[in-house]
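Some notes on the structure that comes next.
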Amino acid sequence: MAQYDEIIKHLLDRFAEEFARLAFKTADVEVIAKLDSEQQTIKVHRNDMTFRVRIQNEEVILHIEAQTDDSKDKPMPFRVLAYASTLMLRYEIPVYSMVLYLGPHAGRKDPGGYRFGDDTFGLHHKYQVIRLADLEGETFLEIAPVGLLPFIPLMKPPTGTDPEAWLQRCIERTQAAPVDNQTRGTLFLALSTFGSLAYDPNVFQKYISEAMMQESPFYQLIIQRGIEQGAREVSIENILSALTIRFPHSDIEPVRPTLETILSRDRLDELHRVAIQATNFEAFLQVLNA
């Protein structure tokens, strides 16, 4: 999801009030300010967003975590609890968290909280779990909140509606949204990007032209990221091929996960040269793990 974080953070920021209404299930909520999550003292995820909001005459913090899939590194309840605790310690006001699952199969096992002990000795922390696949898309399409338009195709279509026909309706509503061309381009780019979680990516080419997305300031960024990612993948495969040819009796495959964590093309180029020149596999591992 990393290559699309900028888009979703932009949407969460630009249309914060719409996402706040989704979280609190009420229109009586006002977003006061966006908070700088990068200053937190714990490891943050690039798709975290935090806002100071006012609801029922009380100022609180809303923390939103958007996920395309289930949490891989740490259980989601632990992540949310750690983040909420840090925010509460810093601002000393209530913190409400929402985890927004975009993928059709994501979040099914998220318990929405963490609990141990009892009322005398222990902890009970809850947060809002929203799976787009569980929401009735027709309801949202009728009111057409602009910030949520790219995500409506991931919601449940009306009973008996063909998925592609539903997608086309969502695209038509996005086309009619009362926004400027740059914003509409970003909405289309986000719709095709995240819609690919549930639809064949090729189907979007029938309804969303490249010209429609080019208006978005994120378009060239996504294209460049794709080129860089493709180049990295080629570099990694070249390293693995060189190692396989030169050291056929060594177990090469465990090297792949480590290579995939390397973002620098210069570092991958260096490792390719080492793979070609190393006297043995152990010598390559020494440079890789240095």
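When reading the values below, keep in mind they use all heavy atoms of this one structure, side chains included, and skip hydrogens, waters and symmetry mates.
Closest non-hydrogen pair, Thr161 versus Pro157, comes out as CB-CB, 4.5 Å. Between Pro77 and Gly113, the shortest heavy-atom contact is CB-O, 3.5 Å. Nearest approach of Gly137 to Ile152, heavy atoms of both residues: O-CG2, 3.9 Å. When all heavy atoms of Asp69 and Gln67 are compared, the closest pair comes out as O-NE2, 2.8 Å. Between Ala283 and Thr279 the shortest heavy-atom distance is CB-OG1, 4.2 Å.
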Would you please test Arg267 and Leu271 for side chain to side chain contact (heavy atoms under 4.5 Å, CB included) and show each step? CA-CA 6 Å; Arg267 173 61 171 162; Leu271 290 170; 4.0 Å; yes
For side chain to side chain contact (heavy atoms under 4.5 Å, CB included), just list the numbers for Lys34 and Arg52, CA-CA rounded to whole Å, side-chain angles, deciding distance to a tenth of an Å, and then say yes or no. CA-CA 6 Å; Lys34 172 188 171 185; Arg52 184 185 289 266; over 6 Å; no
Could you walk me through whether Val99 and Met76 pass side chain to side chain contact (heavy atoms under 4.5 Å, CB included), step by step? CA-CA 9 Å; Val99 182; Met76 185 57 70; 4.0 Å; yes
Side chain to side chain contact (heavy atoms under 4.5 Å, CB included) between Lys206 and Gln168, worked out: CA-CA 9 Å; Lys206 294 170 59 176; Gln168 189 174 4; over 6 Å; no
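Residues Leu149 and Trp166 share a single hydrophobic cluster, defined by chaining ILVMFWY side chains whose heavy atoms lie under 4.5 Å apart. Note on Val80: it does not cluster hydrophobically with Ile130, by side-chain heavy-atom contacts below 4.5 Å among ILVMFWY residues. Taken together through direct or relayed side-chain contacts under 4.5 Å among Ile, Leu, Val, Met, Phe, Trp and Tyr, Leu285 and Ile236 form part of one hydrophobic cluster. Both Phe281 and Val287 are assigned to one and the same hydrophobic cluster, defined by single-linkage of ILVMFWY side chains at heavy-atom distances under 4.5 Å. A continuous path of Ile, Leu, Val, Met, Phe, Trp and Tyr side chains, each step under 4.5 Å between heavy atoms, connects Ile8 with Tyr219, placing both in one hydrophobic cluster.
A distance of 8.5 Å separates OG1 in Thr193 from CZ in Phe204, rounded to the nearest 0.5 Å. Here OG of Ser97 is found 9.5 Å from CD1 of Ile61. Values are rounded to the nearest 0.5 Å. To the nearest 0.5 Å, atom CD1 of residue Ile252 and atom CG of residue Leu240 are 7.5 Å apart. For the atom pair CE (Met98) and NZ (Lys25), the distance works out to 11.0 Å, reported to the nearest 0.5 Å. Atom CD1 of Ile55 sits about 9.0 Å away from atom CG of Leu62, to the nearest 0.5 Å. Taken from CE in Met155 to CD in Glu136, the straight-line distance is 10.5 Å, to the nearest 0.5 Å.
Defined by atom type and a distance below 3.5 Å, a donor-acceptor pair is present between the side-chain atoms of Thr183 and Arg14. Donor-acceptor pairing under 3.5 Å is lacking for the side chains of Asn238 and Ser235.
One finds no salt bridge joining Glu138 and Lys156 here, because no Lys/Arg side-chain nitrogen approaches an Asp/Glu carboxylate oxygen to under 4.0 Å. Ion pairing of Glu18 with Arg21 is absent here, as no side-chain N (NZ or NE/NH1/NH2) approaches a carboxylate O to less than 4.0 Å. Of the charged side-chain nitrogens involved, none lies within less than 4.0 Å of a carboxylate oxygen, so that Glu270 and Arg273 do not count as a salt-bridged pair. Between Glu237 and Arg256, at least one side-chain nitrogen of the basic residue sits less than 4.0 Å from a carboxylate oxygen of the acidic one, meeting the salt-bridge criterion.
With contacts defined as side-chain heavy-atom distances shorter than 4.5 Å, the pair Pro94/Met88 does not qualify. You'll find the side chain of Tyr101 reaches within 4.5 Å of the side chain of Val129, heavy atoms only. Residues Val53 and Phe24 are in side-chain contact: their nearest non-hydrogen atoms beyond the backbone lie under 4.5 Å apart. The shortest side-chain heavy-atom distance between Arg54 and Val29 does not fall under the 4.5 Å cut-off. Using a 4.5 Å heavy-atom threshold, the side chains of Arg184 and Pro178 count as separate. Between Phe19 and Val31, the closest side-chain pair of non-hydrogen atoms is not below 4.5 Å. When side chains are defined from C-beta on, Leu154 does not count as touching Leu135, because their heavy atoms never get closer than 4.5 Å. Inter-residue side-chain proximity for Phe284 and Arg246 is flagged as unmet; no heavy-atom pair is nearer than 4.5 Å.
Among the candidates Met213, Gln205, Met212, the single residue satisfying the side chain to side chain contact (heavy atoms under 4.5 Å, CB included) test with Ser192 is Met213. Of the options Leu191, Ile171, Thr174, a side chain to side chain contact (heavy atoms under 4.5 Å, CB included) to Tyr207 is made by Ile171 and by none of the others.
Ring geometry for His125 against Tyr127 counts as tilted: the plane angle lies between 30° and 60°, on a 0 to 90° scale.
Aromatic rings from Tyr83 and His63 are positioned such that their centres are separated by under 6.0 Å. Taking the ring centroids of Phe194 and Phe151, they lie under the 6.0 Å cut-off. In summary, the aromatic rings of His10 and Phe218 are positioned with their centroids under 6.0 Å apart.
In Lys126, the NZ atom is not crowded: 12 or fewer heavy atoms of neighbouring residues, nucleotides or ligands sit closer than 6.0 Å. Around the CD atom of Gln56, the shell of radius 6.0 Å holds no more than 12 heavy atoms that belong to other residues, nucleotides or ligands. Atom CZ of Phe121 has 12 or fewer neighbouring heavy atoms from other residues, nucleotides or ligands inside a 6.0 Å radius.
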